[in-house]
Amino acid sequence: MTITTDPPQHSPELRAAARHIGRRRFLTVTGAAAALAFAVNLPAAGAASAAELDARRITDNPFTLGVASGDPLPDSVLLWTRLAPAPYQPDSGLPAQRITVHWELAHDEKFTRVARRGAAIAYPEFHHTVHVEVGKLDADRVYYYRFRAGTWISETGRTRTAPAPTGTATSLTLAAVSCQAYTDGYYTPYRHLAQDDVDVVFHLGDYLYEYAVNSVGGYRNYTDRTLPAVFNRETVTLEDYRLRYALYKSDPDLMAAHAAHPFVVTWDDHETENNYADDIPENSVPPEEFLLRRASAYRAYWENQPLRRPQQPVGPDMQLYRRLRWGRLAQFDVLDTRQYRSNQAYGDGSQIPGPDVDDPARTMTGATQERWLLDGWRDSAALWNVVPQQVTFAQRKFDLTEPSRVSMDAWDGYRASRRRVLDGAKAAGVENLMVLTGDVHVGYGFDIKADFDDPDSATLGTEIVATSIASGRDGIDKPANWDTYMQANPHMKFYNGRRGYVTVALGQQLARTDFKTVPYVTTPGAPVTTAASFVTEVGEPGLTPA
């Protein structure tokens, strides 16, 4: 979308401070914390220094952005909300004072059997967001939750705990979603997902986009409202990112999906800036200044997502990769392929691969995260080892001619890194490997091959690519390059260009994948259909039509 106003910038004083601090010091904890404290004007004494507001003085509904839960553990759930009576204002309609928020967790929707209750503080320094880690819960149970601030009570959310680590969980149904550009259409797939019977939702990145949103919401083409001018600019500062989350999270279909299911989230690029790599921005901005933008984006991301304390960022750094388990049925190794990656080879984009893509010094994950992933596989006792991550993992040729162009931003641009991951899976004895992917605004189903250029080589796993919620607008079942892609990539078993989401039912004998799509998103109310279904049998990786 064309940006119609000049993008905001950090203050001249802050930009000068970033250059003075320098990249090396910025990347230390002390330097990063100091820089961010300066960036967001935190008080010297920390969050506790804010005065308290009597919540009974809140005169308008503060729960305009709904509720959410995330990262289910066997004995714990994470609950989230944010107080925002006026969500499209920088201060959200609240003074810079802390507010006590009460919460309840119950076994039933009517809250007649309350399991736990308590209070949390919504601090202005964290934009009055609330993250409550509720522990001492029963494993493998559904719970209902709500918040209260003064006389206001939030909507009720539904969440659940994971099975016990040694539990004999027999099934799990997950949904995978990605890429929800607000300007490209309505979030109709979320309305259907909210009513679907799934245990957990994995969001694989591009929860928001940094690009400007005009007064009619882009292709939503509102006629019943006018969006404020604060959205009609690219996100750069902390205030920009916070306001953009307010816009996105005010969507009723997204709120419904969050209230219905726990989410496990990871980011891609647009939560910060398109196609950034580590501290290297898309445009010619000094790394020190870009790290200030990254610090703002990461902070707003944590504030607005159902994430636990270990994910709270420090300056421009945030450990988002983490591991979740579903009894002995499944292990989820959630990756971050943005924060630690080497710069894209050959100037990014679609290129014919050269020697750089096979350079072992280049990495998609960074050495520490790669080691964590491979060690986790060696220690895994799970039947299914699932890797939720961002960009296309399998080889994806764009041409029938050789050599063919491939994406430098995907794993094709980091082939040595991909080879180490697949060798690690093989060495660990991982038999049922499944990769979940977003990013590309289409649905794909791939067999992961030992040698992608040899269709007869061993199949090592399955990749399920979730199409976008809205990005790319309505789309089409068979894009113009459908025949080319299917011929150039024999391991590609499915390709569809509509919007929607995917569900995967993991069981003891097989996994069933259903690609669910809607015919349009530029107007609301589209029905959902299943475009295709596949099964993957235990011990037999690869996709077979159901």
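Any value given below was found using the heavy atoms of this structure, including those in side chains, with hydrogens, waters and symmetry copies removed. This one's a predicted model, so the numbers in the text were calculated from it and none came from an experiment.
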Using every non-hydrogen atom in the two residues, find where [X] and [Y] come nearest and quote the distance to one decimal.
X      : Y      : value
Ala259 : Glu155 : CB-OE1, 3.6 Å
Ala120 : Val130 : CB-CG1, 3.8 Å
Ala162 : Pro72  : CB-O, 3.8 Å
Val177 : Tyr190 : CG2-OH, 3.7 Å
Ser342 : Arg362 : OG-CA, 3.4 Å
Tyr241 : Thr272 : OH-O, 2.7 Å

Working to the nearest 0.5 angstrom, can you tell me the gap between [X] [atom1] and [Y] [atom2]?
X      : Y      : atom1 : atom2 : answer
Ile58  : Leu53  : CD1   : CG    : 5.5 Å
Asn304 : Leu65  : CG    : CG    : 7.5 Å
Tyr182 : Leu254 : OH    : CG    : 10.5 Å
Leu335 : Leu373 : CG    : CG    : 5.5 Å
Arg158 : His258 : CZ    : NE2   : 16.0 Å
Ser178 : Asp268 : OG    : CG    : 8.5 Å

A side-chain contact here means heavy atoms from C-beta on lying under 4.5 Å apart; do [X] and [Y] qualify?
X      : Y      : answer
His192 : Asp253 : no
Val77  : Ser69  : no
Thr81  : Thr129 : no
Lys249 : Met255 : no
Tyr143 : Leu105 : yes
Leu83  : Leu94  : yes
Leu78  : Leu307 : no
Tyr88  : Leu227 : yes

| query | Checking Thr522 side chain against Tyr219 main chain: does a donor-acceptor pair fall under 3.5 Å? | reply |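 Pair absent, no side-chain N/O of Thr522 close to backbone of Tyr219.
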| query | Under the 3.5 angstrom rule, does the side chain of Ser296 hit a backbone N or O of Thr237 as a donor-acceptor pair? | reply |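 No.
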Looking only at side chains, do [X] and [Y] share a donor and an acceptor under 3.5 Å apart?
X      : Y      : result
Thr266 : Gln390 : yes
Asp348 : Asn275 : yes
Thr100 : Glu52  : yes
Thr365 : Tyr414 : no
Thr64  : Asn61  : no
Ser92  : Arg242 : no

Under a 4.0 Å N-O cut-off, is there an ion pair linking [X] with [Y]?
X      : Y      : result
Glu303 : Arg299 : yes
Lys136 : Asp75  : no
Arg341 : Asp409 : yes
Arg244 : Glu234 : no

| said: With ring pair (Phe, Tyr, Trp, His ring centres under 6.0 Å) as the rule and sequence neighbours excluded, what pairs involving residues 276-319 come up? | reply: Phe126-Trp302, His131-Trp302, Trp267-Tyr298, Trp267-Tyr301, Tyr276-Phe290
| Residues Arg225, Ser215; criterion side chain to side chain donor-acceptor pair (under 3.5 Å); working and verdict | CA-CA 8 Å; Arg225 74 199 76 174; Ser215 61; over 6 Å; no
| field | Audit row: Val101, His128, side chain to side chain contact (heavy atoms under 4.5 Å, CB included) steps and yes/no | value | CA-CA 10 Å; Val101 179; His128 291 109; over 6 Å; no
| query | Does atom CG of Asp54 have more than 12 heavy-atom neighbours from other groups under 6.0 Å away? | reply | yes
By the salt bridge (charged side-chain N to carboxylate O under 4.0 Å, His left out) test, which pairs, at least two apart or in different chains, include something from [range]?
range            : result
residues 201-220 : Arg220-Asp251
residues 62-74   : Asp71-Arg322
residues 108-117 : Glu104-Arg117

Measure from the ring center of [X] to the ring center of [Y] and say whether it is less than 6.0 Å.
X      : Y      : value
Tyr145 : Trp103 : no
His270 : Tyr211 : yes
His107 : Tyr144 : no

| Residues forming a side-chain contact (heavy atoms from CB on, under 4.5 Å) with Thr467, sequence neighbours excluded |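 Counting only residues at least two positions away or on another chain, Thr467 forms a side-chain contact (heavy atoms from CB on, under 4.5 Å) with Arg499.
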| request: Please name all residues satisfying side-chain hydrogen bond (donor to acceptor under 3.5 Å, both in side chains) with Trp411, sequence neighbours left out, ordered by chain then number. | output: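 Once residues adjacent in sequence are excluded, the partners of Trp411 under the side-chain hydrogen bond (donor to acceptor under 3.5 Å, both in side chains) criterion are Gln389.
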| task | I would like to know whether Arg294 and Asp317 meet salt bridge (Lys or Arg N to Asp or Glu O under 4.0 Å); could you show each step before the answer? | result | CA-CA 8 Å; Arg294 201 177 90 172; Asp317 301 315; 3.1 Å; yes
| query | Between Tyr207 and Tyr245, how do the two ring planes meet: parallel, tilted or perpendicular, split at 30° and 60°? | reply |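 Correct class here is tilted.
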| Evaluation steps, salt bridge (Lys or Arg N to Asp or Glu O under 4.0 Å), between Arg293 and Asp240 | CA-CA 10 Å; Arg293 180 178 185 175; Asp240 293 334; over 6 Å; no
| task | In sequence, state the C-alpha distance, the side-chain angles, and the governing distance for Phe332 and Leu172, and then conclude on side chain to side chain contact (heavy atoms under 4.5 Å, CB included). | result | CA-CA 12 Å; Phe332 298 97; Leu172 159 69; 3.3 Å; yes
| said: Is there a side chain to side chain contact (heavy atoms under 4.5 Å, CB included) between Asp333 and Val386? Walk through the geometry before answering. | reply: CA-CA 6 Å; Asp333 296 294; Val386 184; over 6 Å; no
| request: Could you please spell out the steps behind the side chain to side chain contact (heavy atoms under 4.5 Å, CB included) verdict for Val334 and Arg323? | output: CA-CA 6 Å; Val334 183; Arg323 181 169 293 123; over 6 Å; no
| message | For Trp372 and Tyr321: C-alpha separation, side-chain torsions, deciding distance, then whether ring pair (Phe, Tyr, Trp, His ring centres under 6.0 Å) applies. | response | CA-CA 9 Å; Trp372 167 86; Tyr321 66 86; 5.0 Å; yes
